[in-house]
Amino acid sequence: MNTIVVGQLQRQFQDYIVSLYQQGYLDNQFTELRKLQDEGSPDFVAEVVSLFFDDCAKVINDMSTSLERPDHVDFKQVDSGVHQLKGSSSSVGARRVKNVCIAFKECCDVQNREGCLRCLQQVDYEYKMLKTKLQDLFNLEQQILQAGGTIPQVSMN
Amino acid sequence: MGMETESQFHVLAVDDSLFDRKMIERLLQKSSCQVTTVDSGSKALEFLGLRVDDEDPNVLSTSPHIHQEVEINLIITDYCMPGMTGYDLLKKVKESAAFKSIPVVIMSSENVPARISRCLEEGAEEFFLKPVKLADLTKLKPHMMKTKLKKESEKPAKEEESEVSKPEIEEEEEAVIEILPLHQELESEQLETMVSSSSSNKRKAMEEVISTDRSRPKYNDITTSV
């Protein structure tokens, strides 16, 4: 094991994850999620996060269909989709996605189709952005493990 | 995974969202609980062994062919579910003579005080706001401990119950009992079911007839997702 390389990778990981918290992509719930990962479930975070992104894609698609025709919007369906995304983003610690969902719900409550469309676009952007960021984070993790190191526990105060 | 000790608790988790089921399952496993997850209130009741009358859903009876096989120490359920809500499930459990002693915990992503008090009034032990954290689950242990102690003191009564139903089971499950060697031991006051993840609907009711020992067979970390 090249300890210098491992050390560098670990520092890179640490800096990256801290920046994600500082930029508001992630919140404390992500830390909680990481606590649930252990030797018995070494891929838990990646699995849950992957499930979340799959959900996002599907729900966004469904909501897009519901919002398509100006004269025939199924706000009930949209509300249900927003509720689902708000819940799962909250559970995962996807802070920006969750915040868009809060605004989204407000548009839905007053049946503001234009507002909903804007929020839909935003939530789509945010989840995809987070997906790329987390992919980079997981890649760093893999590099650390492959170099024989351990993944640092980062506690955010 | 090692020896199953008497103190390992078995929790039934109910949530219609696959994502949330995965979360609560991991949380519970991390808290050293055995977990079974189901995706609806009716499946939860089915798992417990309560048969829902097709004509009148308000009538619940203990199915003569399915007894409470698994000892559930706690039910944790989402509030918002299509069909039977968590609140409905709570009511049904508390209304059933066989299962009202099982502690029920409600989870919800919405902080609605009226909802919370209604659930607590109906007999829920705790109300957790989602996202549920590991720290929240430490509150569960005392509730689950109570059922363990309660079961110990209720033994004689239950023994009578199972005596009455013995003939039926033996008829159906003869083959299973024959296969069981002497070292398969069960608590005398209740039947146990093995629920395997490969065939989630298969149930084998085993009744202890022979052995005198109290130690339970070792079912480690079987999680059933329905």
Strictly less than 4.5 Å between heavy atoms, which residues of residues 106-115 of chain A line up against chain B? Please order them by number.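 Near chain B, by residue number: none.
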Suppose a student defines contact as a heavy atom less than 4.5 Å from any heavy atom of chain B. Which residues in residues 45-72 of chain A would they list?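 Within residues 45-72 of chain A, the residues that come under 4.5 Å of chain B (heavy atoms only) are A:E47, A:V48, A:L51, A:F52, A:D55.
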Please indicate whether A:Y16 has more than 12 foreign heavy atoms, meaning atoms of other residues, nucleotides or ligands, lying under 6.0 Å from its OH.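 Counting other residues, nucleotides and ligands, OH of A:Y16 exceeds 12 neighbours.
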Counting only heavy atoms from other residues, nucleotides and ligands, does the tally under 6.0 Å from NZ of B:K130 exceed 12?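 Correct, the count exceeds 12.
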Side-chain ion pair, A:K35 and A:E32, N-O less than 4.0 Å: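 A:E32 and A:K35: salt-bridged.
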Using a strict 4.0 Å threshold on nitrogen-to-oxygen distance, state whether B:R26 and A:D38 make a salt bridge.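 Judged by the 4.0 Å cut-off on N to carboxylate O distance, B:R26 and A:D38 do form a salt bridge.
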Hey, what's the ring geometry for B:H10 with B:F47, parallel, tilted or perpendicular (30° and 60° as the breaks)?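 Tilted.
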Any side-chain to backbone donor/acceptor pair from A:Q29 onto A:S91? Under 3.5 Å, distance only.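 Yes: the side chain of A:Q29 pairs with the backbone of A:S91.
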Between the main-chain N or O of A:Q23 and the side-chain N or O of A:R96, is there a donor-acceptor pair closer than 3.5 Å?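 A pair under 3.5 Å: yes.
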Please report the closest heavy-atom contact between A:R34 and A:V154, naming both atoms and the distance.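 Nearest pair, atom of A:R34 first, then A:V154: NH1-N, 3.7 Å.
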Criterion salt bridge (Lys or Arg N to Asp or Glu O under 4.0 Å) on A:D124 and A:K128, from CA distance to verdict: CA-CA 6 Å; A:D124 187 65; A:K128 284 174 176 164; 3.0 Å; yes
Out of B:E110, B:E122, B:E121, which residue meets the salt bridge (Lys or Arg N to Asp or Glu O under 4.0 Å) rule with B:R115?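 The passing option is B:E110.
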Please classify the contact of B:K133 with chain A as side chain, backbone, both or neither, using a heavy-atom distance under 4.5 Å.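 For B:K133, heavy atoms of backbone and side chain both lie under 4.5 Å from chain A.
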